[in-house]
2 protein chains.
Amino acid sequence: MHHPYNRAALQQQIASSGLKATHQRIVVYEALMELHDKHPVAEDVFLHLKPNNPTISLGTVYKTLDTLAENGLIKRVLSEKGSNRYDADTTAHNHIYCSKTKEIVDYRDEELEELLTSFFKKRHIENFEISNFFLQLSGSKVDPDKQVIITRLK
Amino acid sequence: MHHPYNRAALQQQIASSGLKATHQRIVVYEALMELHDKHPVAEDVFLHLKPNNPTISLGTVYKTLDTLAENGLIKRVLSEKGSNRYDADTTAHNHIYCSKTKEIVDYRDEELEELLTSFFKKRHIENFEISNFFLQLSGSKVDPDKQVIITRLK
DNA sequence: TTTACTGCAAAATGTTTGCATAAGG
DNA sequence: CCTTATGCAAACATTTTGCAGTAAA
């Protein structure tokens with residue numbers, strides 16, 4: 001086993017949402033961790049799992065991703081076009097979307113989080129309960145083969 | 001005619017993108033203005049236009065929305081689920097998404113724009129050209145029948 | 001043993017395509 | 001005129017559904 005996490009804890013997590021900790025839910029979750037950089041769509045997850053789980057069905061993957069997202073165990077990521085993409089990382093972070101490669105790159109920035117949180121403390125939104133907010137940067141990679149790196153300027 | 005805008009200017013705008021200023025493109029654009037609060041999907045636009053433009057086809061609406069968006073005449077709005085939604089207003093603004101009513105409410109906030117712009121001046125993003133960034137607040141209306149109002153706290 | 005979940009296939013939804021016809025410049 | 005866009009219907013892609021059978025608790 002090469003996952004730096006505890007499968008028992010995951011079963012526990014799933015169960016504590018009132019869900020059955022089925023094999024499918026566990027492997028879908030693990031696939032999401034393994035494919036983290038890809039922010040995969042349902043079909044990516046399905047294809048990733050198929051070799052070792054030949055009987056899993058695409059419909060189940062759809063349902064499982066939806067169920068896990070509804071229960072806050074994973075997050076749905078908005079993408080520029082069409083299909084839902086998913087992220088096992090539910091901690092606060094933003095995304096950078098590249099329209100050239102369709103990649104979604106994580107953008108974690110504590111300073112930004114704090115800036116926005118404190119900003120919204122000064123805004124009062126009447127008749128609305130914010131469950132979350134996110135910032136998305138869109139644009140395109142200059143060199144598709146290289147990484148995107150965010151640095152702080154002095 | 002009850003539009004507070006200049007149709008000739010729109011034709012001009014369309015033409016200056018190298019596109020033909022067809023009747024369909026004009027009425028699709030106008031529909032988008034009229035349905036602004038709805039941030040409509042293609043089908044909403046189609047149904048809105050059908051009565052006065054009985055021969056317009058849904059396929060054309062899809063193509064037109066795509067063409068206008070590609071040419072920066074309108075904006076695509078990301079929505080929590082599935083289909084593309086559109087906005088004729090291309091000026092900088094953010095959106096509030098209500099998961100209860102599926103509404104998208106405009107959120108215009110100059111202070112926020114400025115805060116973010118100056119923040120990103122201090123971040124250097126290597127190998128990426130930002131074309132735009134947007135913030136989305138998600139959550140749900142407390143009373144679906146009432147408006148969402150954002151106010152500044154002193 | 002009961003209830004919730006899966007797999008499968010079919011249906012529904014949303015979007016794109018190809019091509020003959022029509023309209024814009 | 002020449003080119004680009006439209007309308008239509010069919011194709012495609014993605015997601016959901018219904019239901020009989022299976023696995024979790």
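Order of the sequence lines sets the chain letters (A, B, ...), proteins ahead of strands, with each chain counted from 1.
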TODO: Using a cut-off of strictly less than 4.0 Å, decide whether A/T60 has a side-chain nitrogen or oxygen near OP1 or OP2 of C/dG7.
DONE: yes
Task: Atom pair distance, as rounded to whole Å: CG in B/L58 and P in C/dT17 - done: 15 Å
Task: For atom CD1 of B/I56 and atom C1' of D/dA5, their distance in whole Å - done: 12 Å
Task: Whole-Å distance separating the CG atom of A/L49 from the C1' atom of C/dG7 - done: 15 Å
Task: B/L68 CG to D/dA5 C1', straight-line distance once rounded to whole Å - done: 12 Å
Task: CD1 on A/I74 to OH on A/Y86, rounded to 0.5 Å - done: 6.5 Å
- [ ] List for me each residue that meets salt bridge (charged side-chain N to carboxylate O under 4.0 Å, His left out) alongside A/D87, sequence neighbours excluded, and say none if there are none.
- [x] none
Open item on the list: Mind checking if B/A21 touches a base, just sugar-phosphate, or nothing, with heavy atoms under 4.0 Å?
Closed with: sugar-phosphate
TODO: Rounded to the nearest angstrom, tell me the gap between atom OH in B/Y62 and atom P in C/dT13.
DONE: 12 Å
Open item on the list: Pick the closest DNA chain D nucleotide for A/D66 and for B/G59 by heavy atoms, then say which residue is nearer the 5' end.
Closed with: B/G59
TODO: Please work out if A/T55 contacts a base, only the sugar-phosphate, or nothing of the nucleic acid, heavy-atom cut-off 4.0 Å.
DONE: sugar-phosphate
- [ ] Enter the distance from A/I104:CD1 to A/D37:CG here, rounded to the nearest 0.5 Å.
- [x] 12.0 Å
- [ ] For A/K63 and D/dC19, give me the distance from atom NZ to atom P, rounded to whole Å.
- [x] 13 Å
Open item on the list: From the set C/dC5, D/dT14, C/dT15, return the single nucleotide nearest to any side-chain atom of A/S83.
Closed with: D/dT14
TODO: Would you kindly give the CD-to-P distance between B/E43 and C/dA12, to the nearest whole Å?
DONE: 15 Å
Task: B/Q24 vs D/dG7: side-chain N/O to OP1/OP2 distance below 4.0 Å - done: yes
Task: Within 6.0 Å of CD in B/E129, more than 12 heavy atoms from elsewhere - done: no
Open item on the list: If the threshold is 4.0 Å, N to carboxylate O, is there a salt bridge linking B/E126 and A/K146?
Closed with: no
Open item on the list: On DNA chain C, does the nearest nucleotide to B/A42 precede the nearest nucleotide to A/S57 from the 5' side, or the other way round? Give the residue.
Closed with: A/S57
Open item on the list: From NZ of B/K20 over to C1' of D/dT3, roughly how many Å is that when rounded to an integer?
Closed with: 5 Å
